[in-house]
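Not measured: the values here are computed from a predicted model. As a basis for the values below, the full set of heavy atoms in this structure was taken, side chains included, without hydrogen atoms, waters or symmetry mates. Atoms within each ligand, like the ligands themselves, are counted from 1 in listed order.
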Amino acid sequence: MKLVRFTLHRDLPATTPDTSALVKYGVVEQGTVYETGPFWSERSGAAWSLAEVRLLPPCWPSKIVCVGRNYEEHAREMGNLAPAEPVIFLKPPSALAAHGDPILMTPLSSRVDYEGEIGVVIGRKARQIPAERAYEYILGYTCVNDVTARDLQMKDGQWARAKGFDTFCPVGPWIAPATEVALATLRLRTWLNGELRQQATPAQMIFDVPRLIAFISEVMTLEPGDLIATGTPAGVGPLTAGAVVRVEIEGVGTLENRAVAP
Ligand code: ZN
C-alpha cells in the first residue's frame with residue numbers, strides 16, 4: 001500500500017494546498033486509488049484507476065527541511081569537509097512539483113543540478129524528540145529531487161535563492177508507510193537520461209534519520225506532513241533542457257521529471 005495526494009483535475013498546480021476541495025487523499029493498491037479522508041483516515045468508498053488521477057506531491061508540508069553535506073563523498077565532491085553537526089536549510093512549499101511535472105530551468109542560473117534524496121515524511125507533531133523515539137514520528141518515505149542552482153548557491157553564500165525556485169522540489173510519486181517499509185532496506189538511485197548517476201543507502205548518511213529528527217525538532221516543531229530531505233550522495237550534476245531525472249528508491253517508488261528550458 002502507498003499513500004497519495006491526488007486530484008481529478010489534470011491541470012491543478014502541484015502547489016495547491018489541502019484547503020482546496022480539489023485535493024484528495026488516498027491509498028494505492030495494485031493500480032487502484034482508493035479515496036480516504038484527510039491524512040489517510042478511513043476510506044470513502046470512491047476509487048479510480050491510477051491512470052485516471054493526477055498525483056500531487058504526496059504531502060503538504062508547512063516546511064521542507066533539507067540536510068546539506070550528509071554523505072561524506074558528496075561533501076568532498078563539493079570541496080567541503082564532513083560537518084561536525086547537521087547542516088540544515090529550508091525549501092519553500094512553493095517549490096513543490098509532482099511526479100511527471102516539468103522542472104522549469106531559470107535564466108538566472110547557468111548551472112542547475114539534480115540531487116536525488118530520500119525524503120522522510122513526519123506523521124505526528126514532533127518537538128524536542130530524542131533520537132531513540134524518532135521512529136514514532138515518521139509516517140513514511142518518499143523520493144525527493146533537491147534541484148539546485150549551483151552557481152547561485154556558490155555566489156549567494158546562503159541557499160534560499162539557489163534551492164527555492166518554483167518546481168525545484170519534485171516529490172513523490174507517493175509515500176511508502178514506515179509500518180510497511182524499513183528505512184534500512186531503502187536503496188537510493190538517481191538516473192539522468194537513463195544513466196545511473198547516484199547510488200546510496202541510509203547507512204552511508206553521516207547523520208542518520210533519528211539523529212536528524214532529534215536535531216531538527218530541537219530547533220523547530222515538525223508538523224504532520226512536514227518533509228525532511230535527508231541529503232544527496234555523490235554524483236550530482238547539471239541538467240540540460242529536455243533531460244529526464246529519475247529518483248528511484250527501492251521499496252518506495254520512482255519519481256520522474258523532465259527539465260524544461262526557461
Ligand atoms: Zn540536497
| message | Between the Zn ion (ligand 1) and D146, which N, O or S atom of the residue is the nearest one? | response | OD2

| request: For the Zn ion (ligand 1), find the closest N/O/S atom on E117 and give its atom name. | output: OE2

| said: Hydrophobic clustering (ILVMFWY, side-chain heavy atoms < 4.5 Å, transitive) - are Y135 and V120 grouped together? | reply: yes

| field | Same apolar cluster: M205 and L227, side chain cutoff 4.5 Å | value | no

| message | Of all the N, O or S atoms in E115, which has the shortest distance to the Zn ion (ligand 1)? | response | OE1

| query | Do the charged groups of E248 and R187 touch, with an N to O distance under 4.0 Å? | reply | no

| message | Are I122 and L90 linked, directly or through intermediate hydrophobic residues, by side-chain heavy-atom contacts shorter than 4.5 Å (ILVMFWY only)? | response | yes

